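Here's the structure, in structure tokens; my notes come after.
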Amino acid sequence: MAIKRSGNGKSNNNNDKKTPNKKRQSKKQTNKIETKPSLVRAVATSEDSSEAQIRPNTLSGYIGQKELKETLKIAIAAARGRGEPMDHLLLYGPPGLGKTTMSLIIATEMEVDCKITTAPALERPRDISGLLVNLKPGDILFVDEIHRLNRIAEELLYPAMEDFRLDITIGKGQTSRIRSVPLKPFTLVGATTKVGSISSPLRDRFGLIQRLRFYEIDELTEIVLRTAKLLKYPIEPDAAEEIARRGRGTPRIANRLVRRVRDYVQVQKEPVITQSNAAIALDKYNVDRFGLDWTDRLILSTLIDNFHGGPVGLETIAAATGEDKKTIEEVIEPYLLQIGFLQRTSRGRAVTERARSHLQKS
Ligand code: ADE
């Protein structure tokens, strides 16, 4: 199976070089008291390109997401049996849970190629038409952040998804006409963190709509053990669980923590990752027992100290903490809701008793 990436800004080089994250360096956030890089944001960084080396490439090697795997196993077997591409698939859920990985696995299982792109890279009609006409029979086209497709790209996709046909408009104004170009049958895999932002005509064209959920501790523990093995660093099971607990239910984050703990123990000349050295390392990196970092704690304590615990609107939280509204909503908040530290009410966000007691102890 070949992986092709198309103008998506995602690096496919596998070296571990650190490229400064522009957003992190932004000077705009003037009311933020201090800005520290975080290990526990699920958005991919260039460093996560090393993730590509440790991704599972078959369904059987993929840990967690049991229901999703079962659904896909059936869809793949049925499509293969008919000699057809699999139905178009929409994957949604918080970042870092394995949407791209799953798309690459489906390509492996279907024995086809996967082209990877992201909606913001499909700005002009020719961006998407170029990709579509070059697909081979059965290929997968993976479009990340599909909720960000513009209207023209989206409308080109409708006949492509439905009838494997590309309708190209030639000329302008009254003399314009539509030319239909046949496409090879293909599978579109769309990925999004914001399923609610996808228009219903687009959503309705996916035969399979599947949610990825946060991973349980035991699943993440298994992923941490697997990653440490691939990194060839001995790890005790308790240590894997300690890292998993702080991995925010997200493989991308847990795997990043494994690499940082490995760095720490290696420098300390400790031959094995143990629960105690892992906990010391992660405390040093400012990742607490629930995987919260400085920004999470700032948001929760701002709600408690300045707003009696809420409810408070998202705009107000963003203004009071200097954190970007979209980042709070799409990256930070889903995990705080998941672990029951935050509640969403019609009047805004409120902290829970569980969050209060955690912050008092830490
Ligand atoms: N690495 C990242 N995600 C994984 C998963 N779900 N299973 C196994 N290894 C992984």
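Numbering of ligands and ligand atoms starts at 1, following listing order. Note that the structure is a prediction, hence the values are computed from the model and not measured. FYI, the numbering just counts along the sequence from 1.
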Q. Considering residues at least two apart in sequence or located in another chain, which fulfil the side-chain contact (heavy atoms from CB on, under 4.5 Å) criterion with P85?
A. P185, T187
**Q.** Selection residues 229-254 - residue pairs positive for ring-ring contact (aromatic ring centres under 6.0 Å, His included), sequence neighbours left out
**A.** none
**Q.** Pair Y335 + F290: ring centers closer than 6.0 Å
**A.** no
Q.
Keeping N277 on the side-chain end and I273 on the backbone end, is there a donor-acceptor pair under 3.5 Å?
A. no
Q. When Ile, Leu, Val, Met, Phe, Trp and Tyr are grouped by side-chain heavy atoms lying under 4.5 Å apart, directly or through other members, which residues fall in the same group as L230?
A. I54
**Q.** Distance-minimising heavy-atom pair for I63 and Y215
**A.** O-CE2, 3.2 Å
**Q.** Neighbouring protein residues of ligand 1 - any heavy atom closer than 4.0 Å
**A.** E51, P56, G61, Y62, I63, Y215, I223, R226, P251, N255
